[in-house]
Each structure stands twice: as C-alpha cells, then as structure tokens.
Amino acid sequence: APGSEKRSTRARQPGYRRAMALTIHVPFEALLWGFEGVLNAARPPAIAPFPRCQEISQRAHLRGLRQAILTDADAARADEIEARLPGDYPHIEAVFAAGRTGHAKPSEEAFMAACKGMGLTPAGILFIDGSGAFCNAAARLGFRTFRFTRLAVVNLEARLPSARSR
C-alpha cells in the first residue's frame, strides 16, 4: 500500500537524519605534487615512481591540467628528479625545489615561487602532499589541497575536473 515503504530501524529513531554526501568540484588548472612519499614511493635517496600517481598524472594530462613538483629537496636532488622526468614523470613541466628557490615548505615563499613559475594564482592549483601541515599552509594561501595517503589515493582522481577542450 502507498506510504508503507520499509524504513530502516535507524531511520525510525527520534532525531535521526539521513546523511547526504555532497561533492563540489571547483575547477583548477594545475596539480602541484609533493615528491617524497607522493610521486616517489621509495625512501630517499632512491627514486621509484608510485604507479597509481603516474596513472593519475596521465589522466590529469589528458584532461588538460598542467603539473609541477614542489619539494624541499636540495639542488642536487632536484637535478636527480628532473633527470627522471622524461621516463617516469613525463607530464611534469617544472620542479620547484627549496635548494633552488631558497624557500622550503611550509613557507609562503615556497608556494608562491611555484605559482609565479607556473604563471597561476593559488586558486588555480590543487596542491597534493602527504603532510597535513603543508596542506594547511597551502590552503591558507588559497590553494585547493589534497592530503595524500596510500589509502586516500583512490579519491584523488575524483577531484580532477572533467576533460577540457584545447
């Protein structure tokens, strides 16, 4: 009979409200990746790409997003990373390293050096890093952020905007 739909026991409890998931996608133009523990799955000084992040980087590229790395690495480590870009990280256009800029995360200057180098504002960039402190610092500057963990990586692709026309 109409109106006699089955309701869960929980839904009949006083004060129960059904939770709704709401995802708001705000467009951005670029990804700014942390390197150690995010794109790099190995412990330094080794470099071993994290395959799932490589897949996401490829999909981001196909959607028209620019990509760069922001790292606290010294200049020599930055050279090592850049040497691996063509084979391991082909869609990364720049490496912004503390050893070159003179500023490490979470300083405002480190983040703004990446913005300046990419010609974008913080609002146009999704910053991806494993450090909550670094993500919080970036968010205070207006970046969109994603706190990376091996478990949360499955949610990262959902944050990417739809494909763009070029």
Side-chain angles (χ1 to χ4, degrees), residues 21 23 25-161 163:
T23 302
H25 293 279
V26 180
F28 45 86
E29 302 170 61
L31 302 181
L32 184 59
W33 296 90
F35 187 70
E36 305 300 352
V38 180
L39 286 179
N40 184 26
R43 292 201 182 273
I47 295 178
F50 183 44
R52 187 69 179 111
C53 287
Q54 285 179 305
E55 293 169 12
I56 293 169
S57 176
Q58 171 65 22
R59 289 188 178 110
H61 171 73
L62 293 174
R63 293 177 184 181
L65 296 174
R66 297 172 58 203
Q67 300 176 63
I69 292 171
L70 180 61
T71 177
D72 287 340
D74 61 25
R77 179 73 170 165
D79 290 344
E80 292 172 15
I81 295 167
E82 283 183 336
R84 300 288 295 264
L85 293 183
D88 293 335
Y89 312 101
H91 308 298
I92 302 294
E93 65 183 58
V95 176
F96 301 99
R100 294 178 179 162
T101 66
H103 303 286
K105 299 176 282 186
S107 75
E108 178 178 341
E109 294 85 0
F111 292 104
M112 298 314 289
C115 286
K116 183 178 179 183
M118 295 182 81
L120 297 171
T121 64
I125 299 172
L126 175 65
F127 175 65
I128 305 160
D129 200 273
S131 166
F134 294 168
C135 287
N136 289 340
R140 282 191 296 274
L141 296 171
F143 287 80
R144 286 164 182 79
T145 63
F146 183 87
R147 170 73 162 74
F148 181 87
T149 67
R150 299 278 186 239
L151 296 175
V153 71
V154 297
N155 298 316
L156 179 54
E157 189 171 2
R159 296 279 308 268
L160 301 181

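Heavy atoms only: backbone and side chains are in, while hydrogens, waters and symmetry mates are out.
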Side chains of [X] and [Y] in contact at under 4.5 Å (non-hydrogen atoms):
X	Y	value
R159	L126	yes
I92	L39	yes
M112	S107	no

Find the distance between [atom1] ([X]) and [atom2] ([Y]) and round it off to the nearest 0.5 Å.
X	Y	atom1	atom2	result
L31	I56	CG	CD1	9.5 Å
L160	F146	CG	CZ	9.5 Å
D129	F35	CG	CZ	12.5 Å
C115	E108	SG	CD	10.0 Å
S57	D88	OG	CG	11.0 Å
I47	E36	CD1	CD	7.0 Å

N/O donor-acceptor pair under 3.5 Å between [X] side chain and [Y] backbone:
X	Y	value
R100	D74	no
N40	P49	no
R66	M118	yes
Y89	I69	no
D72	K105	yes
R84	A48	no
R147	N136	no

Exercise. Which of these passes side-chain hydrogen bond (donor to acceptor under 3.5 Å, both in side chains) with H91: Q58, Q67, Q54?
Worked result: Q58

If every non-hydrogen atom of [X] is compared with every non-hydrogen atom of [Y], which pair is closest and at what distance?
X	Y	result
F148	G37	CE2-O, 3.3 Å
F111	A138	CE2-CB, 3.7 Å
A68	F96	CB-CE1, 3.7 Å
A78	V95	CB-CG1, 4.3 Å
L32	A114	CD2-CB, 3.8 Å
I125	F28	N-CB, 4.1 Å

Problem set entry | R150: side chain to side chain donor-acceptor pair (under 3.5 Å) partners, not counting sequence neighbours | none

For this session: Report the C-alpha separation of F50 and V38 in whole Å, then their side-chain angles, then the decisive distance to 0.1 Å, and conclude whether the side-chain contact (heavy atoms from CB on, under 4.5 Å) test is met.
Result: CA-CA 7 Å; F50 183 44; V38 180; over 6 Å; no

